[in-house]
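The structure appears below as structure tokens.
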Amino acid sequence: MSLIRKTAAELGALVASREVTAVEVTQAHLDRIAEVDGRVHAFLHVDAEAALAQARAVDERIAAGEKLGPLAGVPIAHKDVFTTTDMPTTAGSKILEGWRPPYDATVTRRLREAGLVILGKTNLDEFAMGSSTENSAYGPTHNPWDLSRIPGGSSGGSSAAVSAYETPLSTGTDTGGSIRQPAAVTGIVGMKPTYGGSSRYGLIAFASSLDTPGPFARNVLDAALLHEAFSGHDPLDSTSIDAPVPPVVEAARQADVAGMRVGVVKELGGEGYQPGVLARFNEAVELLESLGAKVVEVSCPTFSYALPAYYLIAPSECSSNLARFDAMRYGLRVGDDGTRSAEEVMALTRAAGFGPEVKRRIMLGTYALSSGYYDAYYGQAQKVRTLIMRDFEAAFQQVDVLVSPTTPTTAFPIGERADDPMAMYLADLCTIPANLAGNAAISVPCGLADEDGLPVGLQVMAPVLADDRCYRVGAAVEKALESRWGGPLLSRAPAL
Amino acid sequence: MADIATLMPYDEALERFEPVLGLETHVELGTASKMFCGCPTTFGAPPNTQVCPVCLALPGALPVANEKAIESTIRIGLALNCTIAKWCRFARKNYFYPDMPKNYQISQYDEPLCTDGYLDVEVDGKVVRVEIERVHLEEDTGKSTHVGGATGRIHGADYSIVDYNRAGIPLVEIVTKPIVGADRLAPEVARAYVTELREVMRSLGVSDVRMEQGSLRCDVNVSLMPRGSAEWGTRTETKNVNSLRSVERAVRGEIERQAAILVAGGRVVQETRHFHEDTGQTTSGRSKEEAQDYRYFPEPDLLPIAPDPAWVEELRAALPELPSARRKRLQQEWGVSDLDMAAMHNADAIDLVEATVAAGAPAADARKWWMGELARRANESGVALADLPITPAQVARVTELVASGALNDKLARQVLEGVLAGEGDPDEVVAKRGLQVVSDEGELSAIIDQVLADNADVVEKVRGGKIAAVGALVGGVMKASRGKADAGRARELILRKIGVQG
Ligand SMILES: [Zn+2]
């Protein structure tokens, strides 16, 4: 089997045992990128030389007898919203074109410390705002299952890269579903850890109270290994939780749901959902029952208000977070001809540097925070957020995990929803509640929809700091389905 | 200046109107590192050398609150008799300005750390209670310099440069409740409040509170209400008030300006005004009538502050003696009058006198030198008393030399002069300049003989009964000894030699 088809765990073991060098593994993936990325456009930046140098360093350390982590020498693609000192960081925006950060994000630093080989930076919706990666200033990414369709978003470059075998692993960030939704529509695994479980330091902020870095992989165990590699307390992020990383790798290996109580969220399903998505979801629930889980229906009535609450809170925070892009210290500068005031240059730069969706959200947020409107919008949304947390708390009194489809539909065609923000926002209907409450949630493949033959994701949500339950359930479903299918879902994707 | 204001004489203004004051004071805390990052806070470092991703607001950087700054703010709140919040949050104050890297300031809005306190100040022997509305913690902005143009302000400048060393330095804002009833003494009350506040900060050791360096900055709000009315007028906020004297002048100037407007039937505009050190006047700045919407919301990058009540009580118990209590104690210990104490307070001499007493000097002597000769010299050279190049221990040594008879007052002044000139410790100056009282009877006797021989006519007058004329002979001896003789002993010896009973 070619190196690019192997799992991250396998590659790590091969490199550690010196059966294969990290350089060979890296070269194989660079070759794959050269072969397919012209069509997929998952990457904004690939630095082959730097990647090979990192790989060589890992090989040397292993040759010198050093004991490295399980992912040393394994390639990874890094969402271009994390700062990297050796690569540009754009957040998918023109306003940061060519910017070279002078510091590494904590996630970046931990990837390096784990010996992961960073192949390059992946495409995203500008400032992680979107569900299709069409909002990137650098052009859309294509879904490897069907190049005319979206790979999800905002972490669409990262999901497509893993799905297209350009890399076994990638990083993402999930603010309203930006890891789980792309994972679902590209047939891979994507995990949103507990908010505060992974560091935001060096992650270019979209919505501070929601943004969560997390892993993408082609299987649950690989996702857990990556999760463990970059998560954990970071004193540079005040909202980072000072607690050990939940035992995610152990849970992924356990892959057993016997005796677990599983709640099906009544409000996430039914009308408006694609029949093929619901069919695969229902089968997954039956599967869980057959594996010994105790399945009940659970009602979380306030989840219906999650989407509007999210579209007040996230834009409000973003309107403030993005104020720093003002042409004064870094990034794009427009109109500085010696006659214009600083204020005019700021305005011209922001007008030229931000795309339409970013501007829409800045305006929404600015409005929602305005004096006289604050209580009715931002204040009200925060109350809804509290109610959603209570719904989760009540639900987790009865069950260990909650399940739902990850997305209402499979991947939609590029351009279909580009001019209809409301339709686009609905893609995150099922994923947003976990962001508002800060819970852990994973998406694992659960089959292909009958109508279009495209992947469907199962979402598993767990309480704060119970991330391991997501992996345990996800791995059990994966194991059962793969044995039924005779291999991973992705092996049924058309060849690129 | 564009708007030269018409003024009404102060007394006339006060006959017609009663002033209402409000003071907003910003104190830069003297923490080793900035409010939300690890950068040092040293004043005067080359521009943009004390910066990092956090205080430059690079994409992705996040704040971490400085615990020492929170502790200092709580201590300030306790010293000002405030209630300390059990739970409160930082908030973002959103507005665009090039010297503010994030284009929002991390501050506190409706949940300040400390509320409802007071500070008693003394004016004209009367205690005035200034009530404190709130004390909160925020971060400083960078410092803009506008180059070119006449005013040094952004309008009309050719270009502006920004130093971000100051960006993110912890800043405590202390806001008073409206001060009503200060009446004629309003300017003095304002000054006394800022003076007392500064001393409280010093005693807590939380800031170096140097107004000239901007580590203590004061905004003065003034409004007038007609006598007999209970309705407050429109207020103005005067910024850029950089010395204690300016606080007083700014209040006075604003009273005179507003009174002239109101009497002429005009309307006071609610606005920010700038104080000008040179003229003592204020000029119009930004109008506040189209108030800026700061879109405050809780800072999502930081956790709420929830100080443990037991810790707050520990901080309260460990507060140092506050300045007013200390002044009372010292006045009693030193046995000085209210007037003398007030004079020492105004001259910033209390710490110096106390240290001199601690170094062994009698309180009366310590006060005499600091408030006399040294105050005169500080005044002459235009420096603060504490900045004179002499230590309390050196002053104490001089008083000791005088007490022992080794120096007289005139020589002591020369010793002080030598110390100030950098000639060394008092004993070194005495040795180098040869400034010892002549105690050698033989030497003194020889000098006297010479003086008597040179002034035979005066000697005759004394012998003839004009005892007072002996003064001229003593003067001669002092002159001949270049001041080193003990005048009393010289007089004694002269009279004995002439054979007259003194
Ligand atoms: Zn800094």
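Naming convention: chains lettered A, B, ... in sequence-line order (proteins, then strands); numbering from 1 in each chain. Worth saying up front: this structure is predicted, and the values here are computed from it rather than measured.
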**Report entry** Options B:Val162, B:Leu58, B:Leu303, ranked by heavy-atom pairs under 4.5 Å with chain A, top entry
**Finding:** B:Leu58
Requested in this report: Could you check which of B:Cys37, B:Gly60, B:Pro53 has the highest count of heavy-atom pairs closer than 4.5 Å to chain A?
Outcome: B:Gly60
Requested in this report: Given side chain to side chain contact (heavy atoms under 4.5 Å, CB included), test B:Tyr294 with A:Leu369 step by step and report yes or no.
Outcome: CA-CA 9 Å; B:Tyr294 292 119; A:Leu369 290 175; over 6 Å; no
Query - Within residues 366-378 of chain A or reaching into it, pairs that qualify as side-chain hydrogen bond (donor to acceptor under 3.5 Å, both in side chains) - sequence neighbours excluded - result: A:Tyr378-A:Gln382
Atom [atom1] in [X], atom [atom2] in [Y]: separation rounded to 0.5 Å?
X: A:Ile313; Y: B:Phe297; atom1: CD1; atom2: CZ; answer: 11.0 Å
X: A:Ser319; Y: B:Arg295; atom1: OG; atom2: CZ; answer: 5.5 Å
X: A:Asp237; Y: B:Leu62; atom1: CG; atom2: CG; answer: 5.0 Å

Query raised in the report: Given that the side chain runs from C-beta out, which part of B:Asp293 has a heavy atom under 4.5 Å from chain A: side chain, backbone, both or neither?
Result: side chain
**Report entry** Region of B:Tyr159 that comes under 4.5 Å of a non-hydrogen atom in chain A
**Finding:** neither
Query raised in the report: So, do A:Tyr103 and B:Cys52 sit near enough that their side-chain heavy atoms are less than 4.5 Å apart?
Result: no
Query raised in the report: Are any of the side-chain heavy atoms of B:Lys102 and A:Ser320 separated by less than 4.5 Å?
Result: no
Report summary line: So, the part of A:Pro235 with a heavy atom under 4.5 Å from chain B: the answer is backbone
Requested in this report: Heavy-atom distances under 4.5 Å only: say whether A:Asn321 touches chain B with side chain, backbone, both or neither.
Outcome: both
Query - Residue among A:Met328, A:Glu343, A:Glu317 with most heavy-atom pairs under 4.5 Å to chain B - result: A:Glu317
Which atom pair, heavy atoms only, marks the closest approach of [X] to [Y]?
X: B:Pro59; Y: A:Phe325; result: CG-CE2, 3.6 Å
X: A:Tyr330; Y: B:Ala57; result: OH-O, 2.6 Å
X: B:Pro63; Y: A:Ser238; result: O-OG, 2.9 Å

Do other residues, nucleotides or ligands put more than 12 heavy atoms under 6.0 Å from [X] [atom1]?
X: B:Arg166; atom1: CZ; value: yes
X: B:Lys143; atom1: NZ; value: no
X: B:Lys68; atom1: NZ; value: no

Query raised in the report: Between the main-chain N or O of B:Pro101 and the side-chain N or O of A:Arg324, is there a donor-acceptor pair closer than 3.5 Å?
Result: no
Report task. Name, in order of residue number, those residues of residues 81-98 of chain A that have a heavy atom at a distance of less than 4.5 Å from a heavy atom in chain B; otherwise write 'none'. Result -> A:Thr83, A:Leu96
